[in-house]
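To start, the structure itself, in structure tokens.
Proteins come first, then strands; the chains are lettered A, B, ... in the order of their sequence lines, and each starts at number 1.
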2 protein chains.
Amino acid sequence: MTTLSPAAAADRTGVSIDTLRYYEREGLIGPIGRSAGGRRVYTEEDVFWIGLVTCFREAGLGIADLREFVAILRSDHSPQDRVVFLRSRRAALEERVAALHRAIGVLDEKIAYYG
Amino acid sequence: MTTLSPAAAADRTGVSIDTLRYYEREGLIGPIGRSAGGRRVYTEEDVFWIGLVTCFREAGLGIADLREFVAILRSDHSPQDRVVFLRSRRAALEERVAALHRAIGVLDEKIAYYG
DNA sequence: CTCGGATCTGGAGCGCGCTCCAGGTCAAGT
DNA sequence: ACTTGACCTGGAGCGCGCTCCAGATCCGAG
């Protein structure tokens, strides 16, 4: 199984080493395995999960939101509970999309005015 | 012409008095007129402009972005320059929409998995 | 005229999400 | 063995966007 050093993981994910440690402290990823000497060893699975976290961060979710997300997915909640949670998160993201479209609409008005 | 006290303006716009002052300091709105005694007097036009700023804030634009936006719209730039700027802002917002859709897609996968 | 609530200013404080630093450890090359 | 560089931990620092506070001023109600 291929594993990655902290530097390699940072390179692969586009997330800085400091931020990877921060995410781990906050419970968003990991816990990450360690080598005999105590260095972090990232698996492909870790990298995948970091990708998910990054995706949500880019979408504007906060650290607390993601912590909750991780907690729900890893807990022993029923599939129904998970779906309820996931749908509520989805609705929140749709509302952000709507806010963006409102702003884009304003820009389009201005562009039409000057264009 | 109807004008509004700070409290009324805050009530109408949903923006706190402190934040209205902050936006004014930062050059996002105003300058707001003053009464004989030095209190702020908000016009309907001010309220409209605050609405625009709020719209962009809700869409995730930062204070610096909005300051630039205001500066461009108020300056004597040519219509072409304004349109170029507005289009670049529009593209940035579209990218945010794309990021949100990626995240929504991830949620949909999870929902499909559990649902 | 007095009282109390709204507002003023300048500046401090705060939560978030990193980012950086000091001081020490581990590991590979020479 | 020695050097060098990546990595470790705990904690400080920072930029953003407010939010709150102290102390002073204004102004409408009684």
After noting the C-alpha distance and the side-chain angles of B/Arg12 and B/Glu44, does the key distance pass the salt bridge (charged side-chain N to carboxylate O under 4.0 Å, His left out) rule? CA-CA 10 Å; B/Arg12 271 278 297 279; B/Glu44 286 296 326; 3.0 Å; yes
Could you check B/Arg89 against B/Glu95 for salt bridge (charged side-chain N to carboxylate O under 4.0 Å, His left out), going step by step and ending with a plain yes or no? CA-CA 10 Å; B/Arg89 292 288 99 193; B/Glu95 168 49 31; over 6 Å; no
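In terms of hydrophobic clustering, with Ile, Leu, Val, Met, Phe, Trp and Tyr side chains grouped at heavy-atom distances under 4.5 Å, A/Ile32 and A/Ile17 are assigned to different clusters.
Contact detail for B/Ala10 and B/Ser16: the closest heavy-atom pair is CB-C, 4.2 Å. A/Ala59 approaches B/Ala99 most closely through the heavy-atom pair CB-O, 4.0 Å. Closest approach of A/Pro6 to A/Arg40, counting heavy atoms only: CD-O, 3.4 Å. The two residues B/Val53 and B/Leu28 make their nearest non-hydrogen contact at CG2-O, 3.7 Å.
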Across nucleotides 15-27 of chain C, 5' to 3', mark each nucleotide with B, S or - according to how protein heavy atoms within less than 4.0 Å reach it. --BBSB----BBS
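The shortest distance between the side-chain N/O atoms of A/Arg40 and the OP1/OP2 oxygens of D/dC7 is not below 4.0 Å.
D/dA6 atom C1' lies 15 Å from atom CG of A/Leu20, rounded to whole Å. Between A/Ile32 atom CD1 and D/dT9 atom C1' there is a gap of 17 Å when expressed in whole angstrom units. Between the P atom of D/dC7 and the CG atom of A/Leu4 lies a distance of 11 Å, rounded to the nearest Å. Remark: C1' of D/dA6 and CG of A/Asp11 are 14 Å apart, rounded to the nearest angstrom.
Residues meeting the side-chain contact (heavy atoms from CB on, under 4.5 Å) test with A/Arg96, sequence neighbours left out: A/Leu93, B/Leu100.
Defining each end axis of the helix from C/dC1-D/dG30 to C/dT30-D/dA1 as the rotation carrying four pairs' C1' atoms onto the next four, with five pairs an end, the two axes are found to diverge by 0° to 10 degrees.
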